Amino acid sequence: MLSVALRIGVRVAITTILSLVLHLGTARAEETMVSIDNFTFEPAQLTVKVGTTVTWKNRDDIPHTVVSAGKFRSKALDTDDSYSFTFTAAGDYTYFCSLHPHMTGTIKVE
Amino acid sequence: MSDFDHDHNDQRPDDGSGLNRRRVLECMTWAGTGVLWTIAGGVPRSLGLVGAAQAAEPAGLTFLQISDSHVGFDKPANPNAIGTLEEAIAKISGMPAKPSFMIHTGDITHLSKAAEFDNAERIISQAKLDVHYVPGEHDFLDEEVKFYRERYGRGTKGAGWYSFDASGVHFIGLVNVVDLKAGGLGNLGAEQLEWLEQDLKGRSKSTPIVVFAHIPLWTVYPEWGWGTEDGARALDYLKAFGSVTVLNGHIHQVMQKVEGNVTFHTARSTAFPQPAPGSAPSPGPMKVADDKLRGLLGVARINFKLGEQRLAIIDTPLQG
């Protein structure tokens with residue numbers, strides 16, 4: 001009896017640890033930042049895994065937007081405002097600032 | 001080219017600006033009054049001071065251009081954009097010769113907040129002049145994109161374009177800040193260009209034309225988006241006219257050029273200066289020493305002088 005309970009206990013512990021490790025692993029891959037600085041997206045090209053949330057933060061003294069035609073569109077981001085989007089499907093997402101369209105970037109989702 | 005084109009070099013003083021080498025493109029009789037309207041396609045003057053500008057009493061039509069007031073802007077480049085707009089309006093109110101009206105070439109507000117529009121209106125109305133607005137990209141940032149249209153969109157077409165006549169001059173307000181394409185510049189769009197073509201159709205080619213829009217219609221610096229993708233098409237419709245003046249804002253500094261019969265001019269902002277093209281990593285607000293700021297902000301006064309060969313655009317800094 002005791003050995004069975006122990007075995008189950010160990011199994012539960014291992015499963016818990018495994019799931020914790022897995023969870024932490026995915027959490028780390030799930031979030032990444034793009035900085036908007038000096039009228040540029042930094043990095044302008046970014047490759048992420050499916051399920052990743054990308055957060056853009058505007059560090060300029062001028063508002064910017066993050067717009068990918070038909071995919072996502074932020075409101076105007078004032079200084080230090082952020083916008084996040086979670087990529088649930090693979091593909092190349094090109095985006096730009098609809099106020100300053102020379103500002104462009106790409107998120108490659110694999 | 002019109003039949004009236006001829007060279008006026010012999011009649012023009014050499015003022016050292018190279019103007020005597022430029023052709024006067026059109027001389028015309030102003031039908032209806034018999035007054036000889038003579039407008040030169042030369043480089044507009046850019047005097048510095050209110051005093052100098054007012055020394056010569058203007059005759060004919062005088063109007064003002066104000067631009068990029070960015071009400072709501074409070075960053076280091078100018079923590080008090082409302083204050084400098086108030087100063088600009090006070091200067092306008094203090095002009096001894098009252099202009100006929102004012103045009104505002106956009107970016108009235110910084111973030112399109114209702115309170116920003118309210119403050120702008122409260123201050124600008126103190127000049128007690130009619131104001132003809134066109135929007136900047138900063139005026140269309142509210143969620144429903146309605147604040148600008150509710151205030152200034154009445155009687156306009158599409159995103160807010162329109163035309164009107166004043167003292168024999170045809171004014172056209174264009175919108176080049178909507179539906180911008182990734183990687184591109186300012187944009188007028190097919191619908192607006194079609195309207196412009198119709199608006200100009202059948203109009204006498206001797207009618208002086210003033211076009212105003214927020215982003216420069218000519219390519220100033222594409223690396224910073226300072227130009228209009230389909231601006232050349234608009235200019236194509238205008239090239240047959242003898243006198244065309246294009247007034248823009250957006251770049252927060254005075255810049256001008258002459259191309260054929262078209263004079264291009266950009267006005268200063270009343271809020272904050274921006275760097276000269278390529279002189280900084282980005283076109284963002286330029287922080288200068290506090291005592292230099294007012295020398296880089298200001299308004300423009302445009303005068304069509306009767307009986308003079310030159311159209312005068314006088315840029316007036318808030319100080320300096």
Side-chain angles (χ1 to χ4, degrees), chain A residues 33-48 54-85 87 89-109, chain B residues 68 70 72-79 81 106-107 109-113 116 135-145 176-187 214-215 219 221-229 250-252 269 271-272 274-275 280-287:
Chain A
M33 291 283 299
V34 175
S35 173
I36 306 173
D37 217 338
N38 269 327
F39 287 63
T40 45
F41 295 108
E42 185 56 44
Q45 317 290 331
L46 183 66
T47 303
V48 300
V54 178
T55 299
W56 287 263
K57 184 167 185 177
N58 181 18
R59 300 182 190 281
D60 272 345
D61 281 350
I62 286 289
H64 295 294
T65 64
V66 182
V67 177
S68 183
K71 301 286 186 353
F72 54 86
R73 168 180 285 270
S74 78
K75 63 177 183 55
L77 306 175
D78 195 7
T79 308
D80 294 330
D81 281 355
S82 294
Y83 168 74
S84 297
F85 182 79
F87 292 88
D92 288 353
Y93 297 78
T94 58
Y95 64 92
F96 76 121
C97 167
S98 63
L99 305 175
H100 312 101
H102 65 287
M103 297 169 57
T104 57
T106 308
I107 307 288
K108 195 178 177 63
V109 183
Chain B
D68 297 86
H70 284 264
F73 183 84
D74 60 0
K75 302 299 188 294
N78 181 2
D107 284 359
T109 70
H110 192 58
L111 292 167
S112 303
K113 292 178 178 168
E116 295 175 346
E137 73 278 6
H138 287 256
D139 300 318
F140 281 157
L141 298 179
D142 51 315
E143 207 88 353
E144 293 177 59
V145 198
N176 56 0
V177 298
V178 294
D179 201 18
L180 306 186
K181 307 289 185 295
L185 308 168
N187 176 54
H214 179 64
I215 298 176
T219 305
Y221 195 60
E223 291 82 350
W224 285 357
W226 289 359
T228 301
E229 204 73 45
H250 187 61
I251 66 171
H252 297 216
S269 161
F272 57 86
Q274 281 176 248
S282 83
M286 183 167 70
K287 172 78 183 132

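Residue numbers start from 1 in every chain, and the chains themselves are labelled A, B, ... in the order their sequence lines are given, proteins ahead of strands. As the structure is a computational prediction, the values presented were derived from the model and not from experiment.
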Pairwise side-chain contact, A/L99 with B/L180, heavy-atom cut-off 4.5 Å (strictly under):
no
So, the part of B/L111 with a heavy atom under 4.5 Å from chain A: the answer is side chain
Please look at B/F73 and chain A and tell me whether the side chain, the backbone, both or neither of the residue comes under 4.5 angstrom of a heavy atom of that chain.
side chain
Engaged part of B/L185 at the chain A interface, taking heavy atoms whose separation is under 4.5 Å
backbone
Which atom pairs, one donor and one acceptor, sit under 3.5 Å between chain A and chain B?
residue: A/N38; atom: OD1; partner: B/S282; partner atom: OG; Å: 3.0
residue: A/P101; atom: O; partner: B/G183; partner atom: N; Å: 2.6

Looking only at B/A77, B/G225, B/P283, B/G186, the option with the highest number of non-hydrogen pairs under 4.5 Å against chain A is B/P283
Among B/G184, B/P76, B/P222, which residue has the highest count of heavy-atom pairs closer than 4.5 Å to chain A?
B/G184
